[in-house]
*Asks:* 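This is the structure, below, for whatever I ask next.
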Amino acid sequence: MTTISQAPAPVVAPGRLFIDGEWRDAADGGTRPTVSPVDGSETAPIAHGTPADVDAAVRAARQAFDSGPWSRMGGHERARVLLAVADLIERDAEEIAYRETVDMGKPIMFARQEVPFVAMAYRYFAGLATQLSGATRPTATPTFTYTLREPVGVVGAITPFNFPLVLATTKLAPALAAGNTVVHKPSEATPLSALKIAELFAEAGLPAGVLNVITGPGAELGQALSAHPAVDKISFTGSTAVGREIIRTAAESLKKVTMELGGKSPNIVFADAYLDQAVQQAFFGIFYNKGEICTAGSRLLVQRPVYEEVVGKLVEQAAATLPGNPLDPQTLFGPLAHRAQFEKVTEYTRIGRAEGAALLTGGEAYRPEGLEGGLYFRPTVFGDVDSAMRIAQEEIFGPVLSVIPFDTEEDAIALANGTQYGLAAGVHTSDVKRAHRVARALKAGTCWINTYNLFDPAVPFGGYKASGFGREFGPEALESYTQTKSVWTDLS
Ligand code: NAD
């Protein structure tokens with residue numbers, strides 16, 4: 001087993017911001033330690049940026065966009081840098097995975113899988129950078145008229161704590177491929193991989209000012225970025241409440257916004273499903289990444305004839321899954337990412353009990369030997385949940401599953417669509433017609449049939465309803481970082 005002390009130490013100059021191609025101190029020199037949820041130890045000092053630093057980063061990005069060359073160069077040249085970054089990410093894979101794990105408690109087994117996925121995403125968007133094109137359009141008058149797809153300008157990218165590396169990539173890769181410049185504000189809880197990626201972009205030859213990274217107090221810096229008049233677009237991933245606030249702030253300067261927000265996703269198991277497979281998908285649907293995943297299948301809807309069997313198998317597996325040191329390559333389930341998360345999950349298990357749901361397993365903290373300072377919480381399953389309960393309606397964003405029985409297909413669809421959210425959904429059935437019928441009836445941006453939590457850089461991802469708007473991944477993502485110009489030429 002790898003212990004924290006044996007793991008590779010971060011090599012980026014700690015406690016600094018990346019602005020205009022340089023590592024700089026925060027304007028007032030402030031730093032704060034990040035605290036690892038693995039054991040409560042302080043990992044590295046991180047620059048505590050200020051609004052003055054946001055301003056400096058935006059100015060650098062503005063200057064880099066307006067003067068080029070990044071925003072004006074051909075897609076093939078930009079692709080070269082993105083391909084080089086993908087290679088460097090693979091070169092430093094172990095260090096990057098380690099940073100994710102100590103920063104947010106993600107089991108290193110999964111962090112190691114995310115690194116090549118991210119390299120693949122950079123390569124995918126490097127390819128798309130060479131494909132950006134407009135169209136010629138027939139007009140009613142004698143003209144030669146065509147469209148150009150041009151970058152939007154300066155993009156403010158604000159990302160959450162739960163997939164720091166992957167969710168930075170879903171923004172940086174398409175934004176940079178399209179020729180934009182970026183100011184990235186990672187979560188204050190998990191900044192370590194963003195700093196590493198900035199270092200690798202500099203090594204790959206990205207011109208100064210094209211990517212800037214500011215760390216520090218989330219709300220203050222995020223608001224300064226959302227309000228800054230020289231920012232053209234905010235690309236946000238995070239909670240629905242903060243998303244609303246950013247939209248209000250960004251409206252003042254009419255910024256473009258894309259919003260990847262919260263979820264309360266249903267995972268529906270019909271009686272004709274392949275049950276063992278469905279139980280596995282239900283288990284990883286909620287407990288992958290400790291439930292700290294926007295698509296968490298946090299509402300398990302089970303048809304009554306198989307309710308006891310499905311719940312019994314799931315509870316058995318959850319009860320046997322003890323949280324452990326995420327740096328151990330065998331660990332499937334690590335600590336929650338930060339203290340507020342731990343308290344929120346604890347509070348929701350109290351609410352579930354008070355609402356009268358049946359606590360079937362978990363519902364309490366866990367103390368692995370030697371890691372008493374960590375934020376470990378047991379996988380938790382509530383049975384016989386009523387859809388009106390708060391634990392069935394509100395995003396907990398932790399390892400807490402609400403199981404709801406249903407009778408008919410119509411009931412399942414109504415229950416599945418019965419929250420404000422619409423991020424993702426799962427359907428488990430052996431009836432191919434039912435599978436596609438239900439997928440079409442679900443109000444969600446992603447539907448998985450007989451599987452769950454699959455992602456690919458080529459497949460668009462995003463929300464319906466209060467889960468947001470805009471799409472990440474796929475050609476749709478590249479489009480959302482461009483704007484269309486129509487050029488008319490008189491031929492009369
Ligand atoms: P959060 O909304 O608290 O924070 C997200 C980011 O916004 C962080 O960088 C934070 O520092 C910053 N921020 C906080 N207050 C701000 C403000 N007032 N103005 C501007 N920026 C501000 O979210 P979180 O706790 O980091 O992440 C969990 C949430 O993210 C969950 O709701 C989850 O569903 C959502 N999420 C969504 C997706 C998706 O793709 N739809 C993916 C991952 C996470």
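One-based numbering, in listed order, for ligands and for the atoms of each. Computed from a predicted structure; not experimentally measured.
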*Asks:* How about Phe201 and Tyr122: are their ring centroids closer than 6.0 Å?
*Replies:* yes
*Asks:* Which residue supplies the protein heavy atom nearest to atom 27 (O) of ligand 1, what is that atom called, and how far is it?
*Replies:* Pro160 CB, 3.3 Å
*Asks:* Cation over ring, Lys185 on Phe236, under 6.0 Å and within 45°?
*Replies:* no
*Asks:* Regarding ligand 1, does Asn162 bring an N or O atom to under 3.5 Å of one of the ligand's N or O atoms?
*Replies:* no
*Asks:* Under 4.0 Å from ligand 1, counting heavy atoms only, is it the side chain of Thr159, its backbone, both or neither?
*Replies:* backbone
*Asks:* Short list, please: which atoms of ligand 1 are under 4.0 Å from a heavy atom of Ser187?
*Replies:* 9 (O)
*Asks:* Around atom 21 (N) of ligand 1, find the nearest protein heavy atom and jot down its residue, atom name and distance.
*Replies:* Gly222 CA, 3.5 Å
*Asks:* Among protein heavy atoms, which sits nearest to atom 24 (P) of ligand 1, and what does the distance come to when rounded to 0.1 Å?
*Replies:* Phe161 CD2, 3.6 Å
*Asks:* On a heavy-atom basis, I'd like to know which of Ile293, Ile246, Leu261 is closest to atom 41 (N) of ligand 1.
*Replies:* Leu261
*Asks:* For atom 22 (C) of ligand 1, find the nearest protein heavy atom and state the residue, atom name and distance (0.1 Å precision).
*Replies:* Val242 CG1, 3.5 Å
*Asks:* Side chain or backbone of Leu225 under 4.0 Å from ligand 1, or both, or neither, by non-hydrogen atoms?
*Replies:* neither
*Asks:* For Glu372, is the CD atom crowded, meaning more than 12 foreign heavy atoms sit under 6.0 Å from it?
*Replies:* yes
*Asks:* Among Met259, Lys185, Glu245, Glu395, whose heavy atom sits nearest atom 34 (O) of ligand 1?
*Replies:* Glu395
*Asks:* Would Ser239 count as being in polar contact with ligand 1, using the rule that some N or O on each side must be under 3.5 angstrom apart?
*Replies:* yes
*Asks:* Which atoms of ligand 1 are found less than 4.0 Å from any heavy atom of Leu423?
*Replies:* 41 (N)
*Asks:* Against heavy atoms of Leu167, which atoms of ligand 1 measure under 4.0 Å?
*Replies:* 42 (C), 43 (C)
*Asks:* Taking 4.0 angstrom as the limit and counting only heavy atoms of Phe461, give me the atoms of ligand 1 inside it, by number and element.
*Replies:* 40 (O)
*Asks:* For Lys171, what residues pass the salt bridge (charged side-chain N to carboxylate O under 4.0 Å, His left out) criterion, not counting sequence neighbours?
*Replies:* Glu472
*Asks:* May I ask you to check whether Phe397 and Tyr348 place their ring centres under 6.0 Å from each other?
*Replies:* no
*Asks:* So, Thr258 and Tyr481: side-chain donor and acceptor under 3.5 Å apart, yes or no?
*Replies:* no
*Asks:* Hey, what's the ring geometry for Phe377 with Phe342, parallel, tilted or perpendicular (30° and 60° as the breaks)?
*Replies:* perpendicular
*Asks:* Should we say atom CZ of Arg24 is surrounded by more than 12 heavy atoms from elsewhere, each under 6.0 Å from it?
*Replies:* yes
*Asks:* Measure from atom 30 (O) of ligand 1 to every heavy atom in Gly262, Gly468, Gly238 and give the option owning the shortest one.
*Replies:* Gly238
*Asks:* Nearest protein heavy-atom contact for atom 28 (C) of ligand 1: which residue, which atom, what distance?
*Replies:* Phe397 CE2, 3.4 Å
*Asks:* In terms of ring plane angle, is the pair Phe455 and Trp448 parallel, tilted or perpendicular, where the classes change at 30° and 60°?
*Replies:* perpendicular
*Asks:* Among all protein heavy atoms in this structure, tell me which lies nearest to atom 11 (O) of ligand 1, with the distance rounded to 0.1 Å.
*Replies:* Glu188 OE1, 2.6 Å
*Asks:* Name the closest protein heavy atom to atom 15 (N) of ligand 1, giving the residue it belongs to and the distance to 0.1 Å.
*Replies:* Ala219 CA, 3.6 Å
*Asks:* Is it the side chain (CB and beyond), the backbone, both or neither of Ile158 that lies under 4.0 Å from ligand 1, heavy atoms counted?
*Replies:* side chain
*Asks:* So, Phe283 versus Phe287, ring centres under 6.0 angstrom or not?
*Replies:* yes
*Asks:* Are Phe473 and Tyr124 close enough that their ring centers fall under 6.0 Å?
*Replies:* no
*Asks:* Taking 4.0 angstrom as the limit and counting only heavy atoms of Gln223, give me the atoms of ligand 1 inside it, by number and element.
*Replies:* 17 (C), 18 (N), 19 (N), 20 (C)
*Asks:* For Phe163, state whether at least one heavy atom is located under 4.0 Å from any atom of ligand 1.
*Replies:* no
*Asks:* Quiz question: by atom type and distance under 3.5 Å, do the side chains of Thr249 and Gln223 form a donor-acceptor pair?
*Replies:* yes
*Asks:* Quick check on Lys443: does its NZ atom have over 12 non-hydrogen neighbours (other residues, nucleotides or ligands) under 6.0 Å away?
*Replies:* no
*Asks:* I'd like the name of whichever of Gly218, Cys294, Gly156 reaches closest to atom 13 (N) of ligand 1 through any heavy atom.
*Replies:* Gly218
